[in-house]
Colleague: 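Got a structure here, written out as structure tokens. Questions coming.
What you are looking at is a predicted structure, and each value in this text was computed from that prediction instead of being measured. Because only heavy atoms are used, hydrogens play no part in the values below, and waters and symmetry mates are left out as well, while side chains stay in.
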There are 2 protein chains.
Amino acid sequence: MPREGQAVISILRDKIVSGEFPAGQRLAEIPTADLLGVSRTPVRIAFRALAQEGLLIKLPRRGYQVREVTTEEISGAVEVRGVLEGLAARQAAEKGLSQSTQAQLEQCLMQGDAIFNKGYITEDDLEQYNLLNKQFHALIIQASGNPAIQSAMQINEHLPFASVNALLFNPEQLDREFRRFSFANMQHHVVFEALVNRQGARAEAVMKEHAHATLSQVELNDNADSRKLINSAE
Amino acid sequence: MPREGQAVISILRDKIVSGEFPAGQRLAEIPTADLLGVSRTPVRIAFRALAQEGLLIKLPRRGYQVREVTTEEISGAVEVRGVLEGLAARQAAEKGLSQSTQAQLEQCLMQGDAIFNKGYITEDDLEQYNLLNKQFHALIIQASGNPAIQSAMQINEHLPFASVNALLFNPEQLDREFRRFSFANMQHHVVFEALVNRQGARAEAVMKEHAHATLSQVELNDNADSRKLINSAE
DNA sequence: ATATGGGTTATTGGATCCAATTTTCAGACA
DNA sequence: TGTCTGAAAATTGGATCCAATAACCCATAT
């Protein structure tokens, strides 16, 4: 049985978040199907799914359109991520960490320290840190034991630039980025400490603040061309 | 053009949340298509959509299954709703209410007061209050100007019993329910006051607490049979 | 008696066909 | 020249057809 359906969704999602399909672009079924070399059926399903994710908007009788994402929306989504991850941290603290989760979080922290203890960073370092960061956040959401948090974040996570999975950095100012991400790594330590000590409110507050650190408002106003996006595929 | 697609999703969603398709029930495409008198295509799309909403889970090669919703999941979803609506209230307070929004919120409060000033309630009252409640919450989310909040709540809102749109009450203890909902209405007043006075943190805290009030933990442990669900269709 | 293997069946996913509706363009009339 | 009307084209959505694959069952062999 052809099992391309999921692939079509991923390909189209990539083309959207990478900017290959620019914001505002209209997408019809037939040209898209031709482009991907599949029939209209999987494309139709993909369009619906991506519309539900919020990447496309449906124009009645005119197909779909790549959604415009404004900086207001991004900061709104970051704010949402903050409260959701804050909630996850609080619930994880209240519930207590399992042995295994605690060990895995410590592992993340140690590997992060190794990166920043050098005193400088390279692009490769950031790529590696991106994976660690992703894992750290995923572990805490897991540890909260609240599946609704993950569901609620799903939609947000697909918005380009708003996701934890997409670190945005400026390769021309690696020293500044070093300070930024090294600070983020220190915040991870604080969150971890709060989790271990069962300090729910503290964990929540730090995590909420941490959401802003990952994507600072300053970045939003920077020149987009000079930035680089590490978008780890799922 | 046949335009039943959206209807198929709604019908199936109804059958699931109403319990006509009990939790754990397996659903295959062909029997479902026969049942609804449509072809497999719209059913397939509906299954995918409902799976993304979290009402169905996909069993590889075995179709879909109506998802079991545990009380832990419900209270988890209520918690998520709390932080999201809390965020909405804070951002609405920080941003300030528009004239029109303030007027509409006042309208909701006045109509709510009219219901509870009688000193007792009927089932019809609760039905009416359900609409007011829904409108009140929707207005605040709107007023936050943060569309990501709405997106994030979307998934949660489809979980039965966790939604603002579904008030759950016990018609055999209308006096107790009177106290509960009259208290909820008073909380609305406090939220409104905080919003008008631009007290973001206060609005957030009260709203977060208010989420718990709508569906108290006590209710979860009650005998389900004696309760009645008002589920206003969207 | 049980386990394994082959064949049948159930079931999903993609491709194509068909119907319906809207949009758009062109021509005609005011 | 502008506007209105009608027809054609574009496009979506549903139905059906076909292929592929995994589950299931029975038979046979150890």
Side-chain angles (χ1 to χ4, degrees), chain A residues 1-16 20-68 154-155 158 233-234, chain B residues 1-16 20-68 154-155 158 233-234:
Chain A
M1 179 193 319
R3 179 65 66 163
E4 310 166 24
Q6 211 55 36
V8 169
I9 297 182
S10 297
I11 292 171
L12 288 178
R13 189 189 291 127
D14 265 4
K15 286 186 188 300
I16 293 167
E20 186 173 335
F21 290 160
Q25 165 136 4
R26 271 192 53 204
L27 292 177
E29 285 179 7
I30 296 176
T32 308
D34 289 346
L35 179 70
L36 300 184
V38 297
S39 84
R40 282 175 47 216
T41 309
V43 173
R44 203 149 86 206
I45 291 172
F47 279 179
R48 285 204 178 227
L50 295 174
Q52 195 170 6
E53 285 180 14
L55 264 70
L56 296 178
I57 53 182
K58 186 177 165 63
L59 309 175
R61 279 283 159 199
R62 305 302 309 274
Y64 291 79
Q65 187 178 29
V66 178
R67 181 160 142 242
E68 200 79 58
Q154 229 166 3
I155 290 182
H158 289 125
E234 60 251 57
Chain B
M1 180 195 317
R3 178 66 66 160
E4 309 165 23
Q6 211 53 37
V8 170
I9 298 183
S10 296
I11 291 170
L12 288 177
R13 188 189 291 127
D14 264 5
K15 285 185 189 300
I16 294 166
E20 186 174 334
F21 290 160
Q25 163 136 6
R26 269 195 52 204
L27 292 177
E29 286 181 5
I30 295 176
T32 308
D34 289 347
L35 179 71
L36 299 184
V38 296
S39 84
R40 282 176 46 217
T41 308
V43 173
R44 202 151 84 205
I45 292 171
F47 279 179
R48 284 200 177 230
L50 295 174
Q52 194 168 10
E53 286 180 13
L55 265 69
L56 295 178
I57 54 182
K58 185 177 168 65
L59 309 176
R61 278 285 157 197
R62 307 303 311 269
Y64 291 80
Q65 186 178 30
V66 177
R67 175 153 149 251
E68 201 78 57
Q154 219 171 309
I155 290 182
H158 290 124
E234 59 248 60

Colleague: What's the CD-P distance between Glu29(B) and dT11(C), to the nearest Å?
Modeller: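 My rounded result for the distance is 10 Å.
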Colleague: Here's a test of your reading of the structure: between Thr41(A) and Gly63(A), which maps to the more 5' nucleotide of DNA chain D?
Modeller: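 Comparing both residues, the 5'-ward one is Gly63(A).
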Colleague: Considering just the side-chain nitrogens and oxygens of Ser39(A), establish if one lies under 4.0 Å of OP1 or OP2 belonging to dA15(C).
Modeller: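 Yes, such a contact exists.
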Colleague: For Arg62(A), report the nucleic acid contact type (base, sugar-phosphate, nothing); a contact means any heavy atom under 4.0 Å.
Modeller: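 Sugar-phosphate contact only.
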Colleague: On DNA chain C, check which nucleotide each of Arg44(A) and Pro60(A) is closest to and give me the residue with the more 5' one.
Modeller: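 Residue closer to the 5' terminus by nearest nucleotide: Arg44(A).
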Colleague: Base of dG13(C), side chain of Arg40(B) - is there a donor-acceptor contact under 3.5 Å?
Modeller: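 Flag set: donor-acceptor pair detected.
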Colleague: Measure the distance from CG on Leu56(B) to P on dT12(C) and round it to the nearest whole Å.
Modeller: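 Between P of dT12(C) and CG of Leu56(B): 12 Å.
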Colleague: Rounding to an integer number of Å, can you tell me how far Ile45(A) CD1 sits from dG13(D) C1'?
Modeller: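 After rounding, the gap between these two atoms is 12 Å.
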Colleague: Tell me the interatomic distance from Gln65(B), atom CD, to dT12(C), atom P, rounded to whole angstroms.
Modeller: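 The distance from CD of Gln65(B) to P of dT12(C) comes to 14 Å, rounded to the nearest Å.
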Colleague: Can you tell me how far C1' of dT11(D) sits from CG of Leu59(A), to the nearest Å?
Modeller: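 Nearest whole value for this atom pair: 13 Å.
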Colleague: Counting only pairs under 3.5 Å, give me each side-chain donor-acceptor contact of residues 22-35 of chain A, with atom names and distances, residues two or more places apart or in other chains.
Modeller:
{"from": "Arg26(A)", "atom 1": "NE", "to": "Arg62(A)", "atom 2": "O", "distance (Å)": "3.2"}
{"from": "Arg26(A)", "atom 1": "NH2", "to": "Arg62(A)", "atom 2": "O", "distance (Å)": "3.2"}
{"from": "Glu29(A)", "atom 1": "OE1", "to": "Arg40(A)", "atom 2": "NE", "distance (Å)": "2.9"}
{"from": "Glu29(A)", "atom 1": "OE1", "to": "Arg40(A)", "atom 2": "NH2", "distance (Å)": "2.9"}
{"from": "Thr32(A)", "atom 1": "OG1", "to": "Ala28(A)", "atom 2": "O", "distance (Å)": "2.6"}

Colleague: Figure out the CZ/C1' separation between Arg26(B) and dT11(C), and round it to whole Å.
Modeller: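 Nearest whole value for this atom pair: 9 Å.
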Colleague: Could you name each residue pair satisfying ring pair (Phe, Tyr, Trp, His ring centres under 6.0 Å) that touches residues 22-48 of chain A, not counting sequence neighbours?
Modeller: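 Pairs touching residues 22-48 of chain A that pass the test: Phe47(A)-Tyr64(A).
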Colleague: At under 4.0 Å, does any side-chain N or O of Lys58(B) touch on OP1 or OP2 of dT11(C)?
Modeller: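 It does not, given that no N or O in the side chain of Lys58(B) lies less than 4.0 Å from OP1 or OP2 of dT11(C).
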